[in-house]
Amino acid sequence: MTISFLDPGQIYRELREELDDAYHRVMNSGVYILGETVSSFEDNYARYCQATHCVGVASGLDALLLTLRALEIGPGDEVIVPAHTFIATWLAVSQTGATPIPIEVDDRTFNMRADLIETAITKRTKAVIPVHLYGQPADLDGILEIARRHKLYVIEDAAQAHGAKYKGQRIGAHGDAATWSFYPGKNLGAFGDAGAITTNNADLADRLRVLRNYGSREKYHHEIQGFNSRLDPLQAALLDVKLRHLNDWNAHRESISQAYLDGLKVHEITLPYVPKWASPVWHLFVILTPNRDALQNHLTKAGIGSLIHYPVPPHLQKAYENGGHKKGDFPVSETIASQVLSLPIGPHISGPDCEEIIGSMARFAKKHAQ
């Protein structure tokens, strides 16, 4: 590709000296499990997210799973989830033995519709998981009001929202917990799998620290049946370096997204909608078009990378074929899945790259408008 969709190696090339120094500090320390390096990143990331506590774990999926387990959600329970999301949101619920209960998403923001939550609540409902999809916050006030009234936990899936703000406050502690993925392609990405949970609940943070470490706070003494899901010190050190640059990278994403919003007002392309109360971080720039496959082929031939997030909604995945859902149950989510296309965005995309992408899409739109 002339313009790749993603280039995680570009960050290493940009920050080689800082990252290499962090690597050598960890290697020379001789501490390769937890320790001060992990604690330092946890403190810094909690502060960044305007939260009191951060607990580092091995992945974003583990962050969701351990949070559900820490809140004692399991077999027989139900958790309300969006019908349009990456499947990890559903998998975490299923892996506790609980049942994910999907509700439809908004056709403009693609996030969970708060007004549909009450229709899905039963006596078995224990929690709601709103997803801040593509880097845009969900409508938390509406979700939190309903959840608090029905005494439900709110676990924010913030895997794509590093630095996003809801009504001026950073995502990280609006609900009972926010869960994070540091997959390499994220706005704040590790050099491998990594994750975390942020919360203002000290008791929850304590339970999570025990759960991630074999159910132990003292070596060889195990209070509960826990997991081996600890943030690696090397990843923590590298994330701490990258965290210092996150705001600049998010600002660059904002500039690219604004160029797209200004330049892509073309035939049969629906651009992202941003509510006034949301400050997204543009993890992905996602358009809708009924000519999705043809447009993607056009971009590929022009040397421009693109991806589909996500082509099959969870309720139609083979993994959930016994979930009782069928095609047509969630028409908005299914339409989104059939029309979404993610354009290149990130620190590796330059101004000229952006102009080339816009020009290529304009040529495609002109051709198909004839």
Side-chain angles (χ1 to χ4, degrees), residues 22-23 25-49 51-77 79 88-89 91-98 126-127 129 151-159 172-173 175-183 190-240 243:
Y23 164 82
R25 283 197 305 273
V26 173
M27 297 306 292
N28 286 323
S29 75
V31 179
Y32 307 134
I33 298 292
L34 296 178
E36 291 184 7
T37 300
V38 173
S39 296
S40 175
F41 171 71
E42 290 174 334
D43 289 345
N44 290 336
Y45 194 62
R47 191 177 305 110
Y48 180 83
C49 295
T52 308
H53 305 278
C54 173
V55 181
V57 294
S59 70
L61 175 57
D62 278 5
L64 281 166
L65 173 60
L66 267 65
T67 301
L68 289 162
R69 289 292 296 268
L71 295 172
E72 298 183 341
I73 293 170
D77 296 332
V79 178
T89 313
L91 290 175
V93 176
S94 300
Q95 289 174 11
T96 68
K126 293 294 179 66
I129 304 181
K151 296 180 171 57
L152 306 177
Y153 294 116
V154 175
I155 304 166
E156 302 170 62
D157 184 338
D176 294 284
T179 64
W180 304 89
S181 167
F182 301 123
Y183 181 79
F191 291 84
D193 274 321
I197 305 102
T198 53
T199 181
N200 284 343
N201 186 321
D203 290 337
L204 177 58
D206 181 66
R207 290 197 296 275
L208 286 163
R209 291 189 180 99
V210 174
L211 269 174
R212 74 176 175 184
N213 190 38
Y214 295 105
S216 170
R217 66 179 79 238
E218 180 184 354
K219 195 167 185 177
Y220 302 132
H221 294 267
H222 305 272
E223 303 171 18
I224 55 176
Q225 297 178 19
F227 299 80
N228 175 14
S229 181
R230 301 168 296 207
L231 176 61
D232 187 284
L234 183 56
Q235 298 296 353
L238 300 175
L239 284 166
D240 231 352
L243 180 58

Of all the heavy-atom pairs spanning [X] and [Y], show the shortest one and how long it is.
| X | Y | answer |
| --- | --- | --- |
| Leu34 | Pro233 | O-CG, 3.4 Å |
| Val38 | Leu231 | CG2-O, 3.4 Å |
| Asp176 | Leu152 | OD2-O, 4.3 Å |
| Thr89 | Val93 | O-CG2, 3.6 Å |
| Asp157 | Thr179 | CA-OG1, 3.6 Å |
| Ala98 | Ile73 | CB-CG2, 4.0 Å |

Enumerate donor-acceptor pairs with a distance under 3.5 Å from any side-chain N or O in residues 52-60 to protein atoms, sequence neighbours excluded.
unit_1, atom_1, unit_2, atom_2, d
Thr52, OG1, Asn200, OD1, 2.9
Ser59, OG, Asp62, N, 3.1

Rounded to the nearest 0.5 Å, what's the gap from [atom1] on [X] to [atom2] on [Y]? Could you check?
| X | Y | atom1 | atom2 | result |
| --- | --- | --- | --- | --- |
| Arg212 | Leu66 | CZ | CG | 9.5 Å |
| Leu64 | Leu91 | CG | CG | 10.0 Å |
| Ser216 | His222 | OG | NE2 | 5.0 Å |
| Asn213 | Asn228 | CG | CG | 8.0 Å |
| Arg207 | Glu223 | CZ | CD | 12.0 Å |
| Arg217 | Asp206 | CZ | CG | 4.0 Å |

Heavy-atom distance under 4.5 Å between the side chains of [X] and [Y], does that happen here?
| X | Y | answer |
| --- | --- | --- |
| Leu71 | Thr67 | yes |
| Leu208 | Leu204 | yes |
| Ile197 | Trp180 | no |
| Lys219 | Tyr214 | no |

How about [atom1] on [X], more than 12 heavy atoms from neighbouring residues, nucleotides or ligands closer than 6.0 Å, or not?
| X | atom1 | answer |
| --- | --- | --- |
| Tyr48 | OH | yes |
| Phe191 | CZ | yes |
| Gln95 | CD | yes |
| Arg69 | CZ | no |
| Phe227 | CZ | yes |

- All pairs passing side-chain hydrogen bond (donor to acceptor under 3.5 Å, both in side chains) where residues 29-41 contributes a residue, at least two apart: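 side-chain hydrogen bond (donor to acceptor under 3.5 Å, both in side chains) check on residues 29-41 returns Ser40-Asp240.
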
- Query: For the rings on Phe41 and Phe182, is their centre-to-centre separation under 6.0 Å?
  - Reply: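 They qualify: ring centres under 6.0 Å apart.
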
- Item | Donor-acceptor contact below 3.5 Å, side chain Glu156 vs main chain Gly172 |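 No, the answer is negative, given that no donor and acceptor are paired below the 3.5 Å cut-off.
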
